[in-house]
Amino acid sequence: MAKKLLALLMALVMMLGIMAGCASDEKAEDPDSSATSSSASTEKKEETKKEETKKEETKKEEPKKEETKTEEKKEEVKEESPYPGINLDSMWPVVEEGRNVEIDVGTRYSKAYEDWWTYKHFEEMSGIKINLNPIHQDAISEQKNLMLASGDLPDLMHYFGFSNADVVNYGDIQGMLLDMTPYINETLMPNFMAACKERPDVLVAMTTPSGTIYTLPRISSAANPAYMSMSYWNYEALAKMGLEVPKTIDEAIAALYQFQADDPYGVGAANMPIGGSAKHWGGITERFLLNAYGFVAGNKGLDLLDGEVVYSAAEENYAAYLEMMNQFYTDGILHPDYYTLDSAALKPLVEGGETSLLVGAPPYVLMQQGWDKFEAITPLTSAQNKTQQYGVGFTTMLGNWVVNAETEYAAEIMRLSDYTFTYEFAAYVTYGPKESDDATYGMFEKGWVMDDNYQLHYGDLDGKVAWNEAYPNMTTSLGANPSVGIEGNYRVAEGYTTFAICWYLQTGEWVKVPYDLTNGDDHYRYTSIKNVGKYATPSLPTGAFYFDEETSVRISDISALIGTYTATEEAKFITGTRPLSEIPTFQQELEDLGVEELVGYYAEAYENYTETYEEYLKNMGMG
């Protein structure tokens, strides 16, 4: 399986080298080269003789001959194009003048075509007529299944949510999805190829074990701590107690108990050391604490521990975590309703920003004031784990940009798709066009302008205006975060904000636009980058794993059973309804439910992915 995938990737590496040599090859074929010098010399002598006898005639006819030669040369180049009828000289238009190309697009959103700026932009600039069929997201699963069962598919399927198992089934086995590999090259898709050079993991992730590609990705920042969901210390409270920011799990435990004892804000019974809950944002605080015991992503299920795939709840380190959380619950460090508090119930408990030392969410989400006291955690170590690390999730989304194998416009669609891997698209799909483009299509007055303070202004409106409030029709046809192409946060890991893309489009310069620390969202992102960025560690890239249908069904069955059981029993251990002495029994129960089988599937997939990725880097000269 890994060898087939590697073969395709190596072919693409070779192709990149060949494309790089095109310029020198073209020079060798120049009609003025030494290979044709004799013929050229003879023609020159004949022309000179004609000039001596018919000077006046030559002066009149010569421009006409040159024009004819130029036209013939252009026609010759056009005939040799690997993609006849497609404009390869610039991004727009996609199709050459005079061609009538229509594509049918099925999409997950219920918004009508006339309300979608991005698709209007695609159609206006590409020269391709787009027939849009919006499907409400609540019906997309049913409609997708009906389309696939009948074989009546649109040319392009946008945000249908093809899983990796779907891709293998409908692509490799049934042949209903377009194999994109023949179209992925620098001639037709230069922007996507540039993205692959920067992010080789993307190309590995989107390639099935058979060596084929059926879906284009959405690419986020490679290591983006500004967008990680994490926990936050109350720095003001730590200072009041004379404490440094905790660096180990023991220091964190000591800080929480001192906060409870000292009650630095004098709120009595309302004093709440951990301002989180198991339901709020998926138990972020739990993940942070579990991460201290060595689990990269802090998951209770599949995760990495010392570089190996494990099921966290079945590991010895997980027992230490359960013992700590049980003590927290018993001593009131956790709220007594920790397992039932939802976000709405939690918010008023921490609203003032003076009751919680550790908050499990971006602070401004839970409090209108006081959020500026909080900064992102620094990952912790423990007796079981000596490495500070914080898991970065898989940043490539697959399965949302899929093409019908029977379309007659495969190359045209792939060329159009290449635009989504430009910085222009990354900004425009979120904020709309810049004012100088005048690409409003009658949907709003003007686009945006960024001032010297890096604030966006729309049309004649004063001040910084949120795009979704100023011009709701501009937003996005491709989702709050686009489902294909590069996101606005694509370069955040390099220190750039999403607004930096707008500045680049306006000025041609990349500037690290400063965060506005008076803004709750900017504040939380800034402290996340500052305190966590250097510890960002890739977590298990399950989104890049492909399994056959039978294995996928088996994995789904085991995962559902074990996941539910783990969550139920964990709550029992932490609240004391099941004694901690039964942790070994619980972990044996997980083995009986098939946890080793589940880990085995993912361990093999991870090994294949890692080997292929490392070989790819090596052959690209990056390893």
By ring-ring contact (aromatic ring centres under 6.0 Å, His included) - contacts of Tyr496 (at least two apart): Trp510

Non-neighbouring partners of Phe421 that pass ring-ring contact (aromatic ring centres under 6.0 Å, His included), sequence neighbours left out: Phe192

Kindly say whether [Y] contributes a backbone atom to a donor-acceptor pair with the side chain of [X] at under 3.5 angstrom?
X      : Y      : answer
Tyr546 : Ala205 : yes
Thr537 : Gly391 : no
Gln389 : Gly294 : yes
Arg199 : Ser220 : yes
Trp92  : Glu124 : no
Asn400 : Val484 : no
Ser556 : Ser552 : no
Asn291 : Arg287 : no
Ser126 : Ile128 : yes

Under 3.5 Å side-chain donor-acceptor pair for [X] and [Y]:
X      : Y      : answer
Arg525 : Thr497 : no
Thr407 : Asn404 : no
Glu424 : Tyr419 : yes
Tyr214 : Asp172 : yes
Tyr490 : Glu198 : yes

Stepwise side-chain contact (heavy atoms from CB on, under 4.5 Å) test for Phe545 and Leu540: CA-CA 10 Å; Phe545 298 163; Leu540 189 66; 4.2 Å; yes

I need the minimum non-hydrogen distance between [X] and [Y], along with the two atoms involved.
X      : Y      : value
Ala427 : Leu505 : CB-CD1, 3.5 Å
Met157 : Pro154 : CG-CG, 3.7 Å
Ser539 : Val392 : OG-O, 2.7 Å
Phe394 : Pro541 : CD1-CB, 3.7 Å
Ser312 : Asp303 : OG-CB, 3.4 Å
Ala195 : Ile219 : CB-CD1, 4.2 Å

Student check: side-chain heavy atoms of [X] and [Y] closer than 4.5 Å:
X      : Y      : result
Tyr159 : Gln137 : no
Phe295 : Val310 : yes
Arg108 : His158 : no
Met230 : Ser528 : yes
Leu598 : Tyr311 : yes
Tyr606 : Leu302 : no
Asn131 : Ile103 : no

So, do [X] and [Y] have ring centers that fall under 6.0 Å from each other?
X      : Y      : value
Phe547 : Tyr602 : yes
Phe122 : Tyr119 : yes
Phe499 : Tyr431 : yes

All side chain to side chain donor-acceptor pair (under 3.5 Å) counterparts of [X], not counting sequence neighbours:
X      : value
Ser150 : none
Arg415 : none
Asn299 : none
Asn87  : Ser90

Leu398 vs Val167, side-chain contact (heavy atoms from CB on, under 4.5 Å): CA-CA, chis, key distance, verdict: CA-CA 10 Å; Leu398 301 172; Val167 166; over 6 Å; no

Charged N-O contact under 4.0 Å between Glu96 and Arg99: no

Interatomic spacing from CG in Asn169 to CD in Gln174 - rounded to 0.5 Å: 4.5 Å

side-chain contact (heavy atoms from CB on, under 4.5 Å) between Glu615 and Glu611, worked out: CA-CA 6 Å; Glu615 282 295 320; Glu611 288 179 358; 5.6 Å; no

Reference residue Asn191; test side-chain hydrogen bond (donor to acceptor under 3.5 Å, both in side chains); the match among Asp418, Thr420, Thr422: Asp418

side-chain contact (heavy atoms from CB on, under 4.5 Å) between Tyr504 and Glu509, worked out: CA-CA 5 Å; Tyr504 170 74; Glu509 298 179 63; 5.8 Å; no

